[in-house]
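Inspection log for the structure reproduced underneath, given as C-alpha cells.
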Amino acid sequence: MKAFTTLTSIVAPLDRANVDTDAIIPKQFLKSIRRTGFGVYLFDEWRYLDQGQPDMDCTNRPINKDFVLNKPQYKNAQILLTRENFGCGSSREHAPWALEDYGFRAIIAPSFADIFYNNCFKNGLLPIALDAEIVDGLFKELTDDYALTIDLSAQTITTPSGEKIAFNVDENRRFRLLNGLDDIGLTLQHADKIHAYEAERAKRAPWLFR
Amino acid sequence: MAGKTLYDKLWDDHVVHTEDDGSCLIYIDRHLVHEVTSPQAFDGLRLAGRKPWRVARNLAVADHNVPTNHRDRGITDPVSRLQVETLDKNCAEFGITEFGMSDIRQGIVHVIGPEQGATLPGMTVVCGDSHTSTHGASGALAFGIGTSEVEHTLATQCLVQKKAKNLLINVNGEIGKGVTAKDIVLAIIGEIGTAGGTGYTIEFGGSAIRALSMEGRMTVCNMAIEAGARAGLVAVDDVTIDYYRNRPLSPKGDDWFIAERAWQNLHSDKDAVFDKVINIDATKIKPQVTWGTSPELVVAIDDIVPNPANEADAVKAQSMQRALDYMGLQAGQKITDIQIDKVFIGSCTNSRIEDLRAAAVVVEGKKVAANVKQALIVPGSGLIKQQAESEGLDKIFIEAGFEWRDAGCSMCLAMNADRLEEGERCASTSNRNFEGRQGYGGRTHLVSPAMAAAAGIAGHFVDVSAWTGE
C-alpha cells in the first residue's frame, strides 16, 4: 500500500449527497478479477454518454462535458470534495480502487458510509470528514485553481489563504496509512493471542470447533 | 454497572486484542465468500505465500454472476464465467467448501448461510458483501467487508475493528393487513434516512419485530445497511431457536443443548444503555413504495410523489429533483398511477419461502397485466425452489405469466443476464434503487413481495392491503 504523508493538489467538487458505490463504479466492472485498471471507469454512468462495458477502451467514448471530472481545470485533481454519506451502498472495494487508480488520494465530505470509509484506508486513500458547514464553506470558496494542502501527520488542511482546518483520523489508521503498512502482517504478530482466544472459546462454544 | 446491549455482549465475546486507541482485533467465526469480492483476496494470499487460518470457517458460493435459467448451458458471458471459474479454482486450491452451480444448496450467500446453519446465533459473520447484515436476524454480529478484509479474514480469522455505537429501534404495535417486514424496514429508512444508522449497530426490537418470523427478521436486518448501519441485530428468542433446530450445520447432540443454553443470553439486558433509541409505531405503517434513487426516498402506497420545492434543505431538494428526473416522475403524481414494465421478486432481501408464498397468494388465478413485459420469480436458493415446487407455488406463478427461475442475485444488481433496459420501470423486492442498479438507465421501485406481485397483475402500483384483484 502507498503511504500517505502530505498532499498538495487542486480540488474537484462533486456537489452531490449520498453518492453510492454503484455510481462510483458500476457493477459490470466488478466482473474483473484484477485489482487495477478501474480508474477509466470511475463514475462511468455520469462521466460518459454511452454504456460502459468491462475491458472497454475509453479513449474514444462520448463524454458528458457537464460532469465535473471532464472539465479540463480538474484534470489533475487528487482531492475530491463532496457531500454527506459518500460511498454508501455496496461494500465493493472496487470503489476506492477506482478512485485511487484514477488519481485521487483524498476525499473531503461531511460524512462517509462506514464500509467505504474503512476500505479507503486499505488502499492509501484518505477520507476526511469535516463539519457540514466547513465543507459548505469550501464549496463556496472553491475556484478553478483552488488547491489544498493536507498533512496527515499534523491532521490539518491548509487553504490557499493559509487558514488551517483540523481533522481527525484514528491513531491506528493514521499510523498504518502514514507508513503504508500491511495489515495482515501486523495482525499475525498477534498469532499467539489468536491461538489462545481459540483455545478459550472452544471451551465455551465447543460446537464451533468440531 | 449498567447492563450490556446484545451488541456489547457479542463484541466482548470476540475480542482477541485491544490496541491503545481502542481499536480491537475481533475473532471471526464464519466467513462467507462469493465470486465478486474474493478473487483479488486469494491473489493476495498467493503473493504472500499465506494459507487460510482456519479453512473450515469459510463457505463459498457463486451467486452474483450465475444465470437463473438454462443452467445446463453454463454461463454465456465470458467475463462472468471467468469470475465464477476463478472462485471454483481458488476454493479447490485452498480447500474451501463451495456449493457449485449445480448443487441444490447453491443460492444467494445470505440466504444459504442461515438455511444451512452455517451462520448461527452468537457468531461473528463477515462476507465481502454489504448485505451480510442479514445474518444479524439470528442474534449474530454480521457485517459486510471489503476485499482487503476478505484477505485479512482468510489469513488471520480476525479483523481490526472499532466498536460502533448502540442504536435501538423499537417497533411496537401490530402491523396491519398487507404490511410486511419489508414495509417496516422501508418505513424505518424513510424516517431516519440512509445515513441515520451510520456509526451504529442497530438492534431491532419491540413487539412488531418479535412477531416476525426469522425470514421477516432477515428482511429487516438485510436493509440495516440501507439505513447506514453495517450491522443489524434481533435478539434470540424461541423463534430463533426453533429455526436453527436440525439445520445441516447446527450443533448436534449434547452440543445443541449447550448452544441453546448459551444462545438464551443473546438479548440486551433490561438495564442496558443505548446511545440512541428510536420508537416507531407499527400500527401507522402502510405498504411502502420508493419513488426515488435512494431507499430513503419512500412513501406509503396511498401517497403522492413529493415536491422538491417543499424541501427546506437545498442539498436534499437538489437530490430529490435529480431523482425525479432520473425516474421520469412528476411531483404530485399518485403512486397508484405509476405504471410498471417489469417485476422482480427475489434478492437477499425477499427471496425466502415466506416471500414466495406471500406473492403466490396475490397472483393465484390471475394474469400478469398486458403492459408488463417480464415478471421474474427468483428463489433465494435451490432448496427454497424445491420447497416452493413441493407446495405448487411454481405452477401458480407460471400460470399467472411469471417466469420461474433458478437461484441467484439476478436482477437485484444485474450482473448476470437479468436486467432492466434503459427507461424501464420495475416493481422490485430488492434493496437498492440507485441509478443504474438494475440495468443502465433502469428505474427501480422497492416494494414487498405482495406489493410487487399485485403491481404485476394490475400493471401499476396498488394498495395490496385493500386490493381485491379486480
Side-chain angles (χ1 to χ4, degrees), chain A residues 15-18 20-23 26-28 30-35 45-46 51-52 54-55 83-85 88-94 96-97 111-116 118-119 122-123 170-173 182-188 190-191 193-194 196-198 201 204-208 210, chain B residues 16-17 19-21 23 25 27 29 36-37 39-40 43 48 50 53-54 65 79-80 82-83 86 122-123 128-130 144-149 151-152 155-158 160 162 164 194-195 198-199 228 230 251 255-256 258-259 262 294 315-316 319 322 413-415 432 434-437 440:
Chain A
D15 196 359
R16 296 188 188 208
N18 296 313
D20 58 77
T21 54
D22 275 81
K27 72 273 190 163
Q28 62 269 37
L30 273 54
K31 295 183 188 189
S32 168
I33 56 171
R34 298 186 309 267
R35 206 178 181 122
E45 290 184 9
W46 294 343
Q51 192 175 348
D55 297 326
R83 299 286 185 179
E84 66 259 22
N85 201 26
C88 61
S90 156
S91 64
R92 60 190 68 169
E93 197 162 318
H94 311 67
W97 292 342
S111 60
F112 295 89
D114 285 338
I115 302 178
F116 175 82
N118 207 36
N119 284 341
K122 318 286 182 193
N123 295 284
D170 290 344
E171 189 187 318
N172 197 17
R173 285 189 171 123
D182 167 16
D183 280 4
I184 296 176
L186 289 173
T187 295
L188 287 173
H190 298 296
K193 286 192 175 172
I194 305 174
Y197 173 86
E198 287 180 322
R201 184 86 191 289
R204 287 184 290 131
W207 62 91
L208 295 175
R210 300 284 183 223
Chain B
V16 172
H17 170 73
E19 297 282 350
D20 293 341
D21 74 340
S23 56
L25 196 59
Y27 192 78
D29 293 317
V36 181
T37 53
Q40 299 86 352
D43 269 350
R50 289 174 174 140
W53 179 273
R54 196 170 270 271
N65 282 275
V79 194
S80 283
L82 176 65
Q83 197 162 57
T86 302
M123 277 185 166
D129 194 290
S130 61
I145 57 176
T147 299
S148 294
E149 289 183 319
E151 183 182 339
H152 196 282
T156 70
Q157 207 58 46
C158 290
V160 179
K162 262 218 140 152
T194 48
T198 303
R230 284 181 88 172
D255 277 352
W256 171 260
I258 307 168
S294 164
V315 177
K316 271 193 188 152
S319 304
R322 202 191 302 274
L413 83 169
M415 277 189 79
R432 290 191 175 131
F434 299 155
E435 287 182 23
R437 170 81 178 182
Y440 183 80

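Below, all heavy atoms of this structure are taken into account, side chains as well, without hydrogens, waters or symmetry copies. Quick note on labels: first sequence line is chain A, next is B, and so on, each numbered from 1.
- The shortest distance between side-chain heavy atoms of A:Lys193 and B:Leu25 does not fall below 4.5 Å.
- At distances below 3.5 Å, not a single donor-acceptor pair connects side-chain atoms of A:Asp114 with backbone N or O atoms of B:Thr198.
- Rounded to the nearest 0.5 Å, atoms CG (A:Asp182) and NE2 (B:His152) are 8.0 Å apart.
- Residues A:Ser90 and B:Arg437 share a closest heavy-atom pair of CB-NH1, 4.5 Å.
- Of the two parts of B:Ala164, neither the backbone nor the side chain holds a non-hydrogen atom closer than 4.5 Å to a non-hydrogen atom of chain A.
- The minimum heavy-atom distance linking A:Leu30 with B:Gln83 is given by the pair O-NE2, 2.7 Å.
- Atom CD1 in B:Ile258 sits 13.5 Å away from atom CZ in A:Arg204 (nearest 0.5 Å).
- Interface remark: B:Val160 contributes side-chain atoms only to the contact with chain A (heavy atom separation under 4.5 Å).
- For chain B, the option among A:Glu45, A:Gln28, A:Arg92, A:Arg16 with the highest count of heavy-atom pairs below 4.5 Å is A:Arg16.
- Interface summary for chain B: among A:Arg210, A:Arg173, A:His94, the most heavy-atom pairs under 4.5 angstrom belong to A:Arg210.
- The two residues B:Gly144 and A:Ile115 have their closest heavy-atom pair at O-CD1, 3.6 Å.
- Ranked by non-hydrogen atom pairs under 4.5 Å with chain B, the options A:Arg83, A:Glu171, A:Lys122, A:Gln51 are led by A:Gln51.
- Considering only heavy atoms from C-beta on, B:Glu149 comes within 4.5 Å of A:Asn118 through its side chain.
- Look at A:Arg201 and B:Asp29 and you find a salt bridge, because one of the NZ, NE, NH1 or NH2 atoms lies within 4.0 Å of a carboxylate O, short of that distance.
- Interface residue B:Thr194: backbone and side-chain heavy atoms are both found under 4.5 Å from chain A.
- Between the OG1 atom in B:Thr156 and the CG atom in A:Asp183 there is a gap of 9.5 Å [rounded to 0.5 Å].
- Contact of B:Trp53 with chain A is made through the side chain alone, with heavy-atom distances under 4.5 Å.
- With a 4.5 Å cut-off on non-hydrogen atoms, B:Val16 touches chain A through its backbone and its side chain both.
- Of the inter-residue distances, the one linking B:His17 atom NE2 with A:Thr187 atom OG1 reads 9.0 Å to the nearest 0.5 angstrom.
- Contact count versus chain A (heavy atoms, under 4.5 Å) is highest, among B:Gly436, B:Gly128, B:Gly228, for B:Gly436.
- For chain B, the nearby parts of A:Ala191 are the backbone and the side chain; heavy atoms of each come within less than 4.5 Å.
- For the pair A:Asp170 and B:Lys162, the salt-bridge criterion is met [side-chain N within less than 4.0 Å of a carboxylate O].
- Ranked by heavy-atom pairs shorter than 4.5 Å toward chain A, the options B:Val79, B:Thr37, B:Asp20 are led by B:Val79.
- Contacts of B:Glu19 with chain A are made by side-chain atoms alone, with heavy-atom separations under 4.5 Å and no backbone atom involved.
- Proximity to chain B (any heavy atom under 4.5 Å) is shown, for A:Phe116, by neither the backbone nor the side chain.
- The parts of B:Thr147 that come within reach of chain A are both its backbone and its side chain, each placing non-hydrogen atoms under 4.5 angstrom from that chain.
- Looking at A:Arg35 and B:Ser148, their side chains do bring a donor and an acceptor atom within 3.5 Å of each other.
- If you check the side chains of B:Ser294 and A:Asn18, you find no donor sitting under 3.5 Å from an acceptor.
- Across every non-hydrogen atom of A:Asn119 and B:Gly146, the tightest pair is OD1-CA, 3.2 Å.
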Passes side-chain contact (heavy atoms from CB on, under 4.5 Å), B:Arg54 versus A:Glu198? Steps please.
-> CA-CA 10 Å; B:Arg54 196 170 270 271; A:Glu198 287 180 322; 2.8 Å; yes

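- Of the residues considered (B:Pro39, B:Gly122, B:Ala262), B:Pro39 shows the highest number of contacts with chain A, using heavy-atom pairs under 4.5 Å.
- Of all non-hydrogen atoms in A:Ala17 and B:Ser319, the two that sit nearest each other are CB-OG, 4.3 Å.
- With chain A as the partner, the residue from B:Met123, B:Glu151, B:Gln157, B:Met415 showing the most heavy-atom pairs under 4.5 Å is B:Met415.
- Between the side chains of A:Trp97 and B:Gln40, no donor N or O sits under 3.5 Å from an acceptor N or O.
- For B:Ala195, the parts lying under 4.5 angstrom from a heavy atom of chain A are both the backbone and the side chain.
- Between B:Ser80 and A:Lys31, the closest heavy-atom pair is OG-NZ, 3.1 Å.
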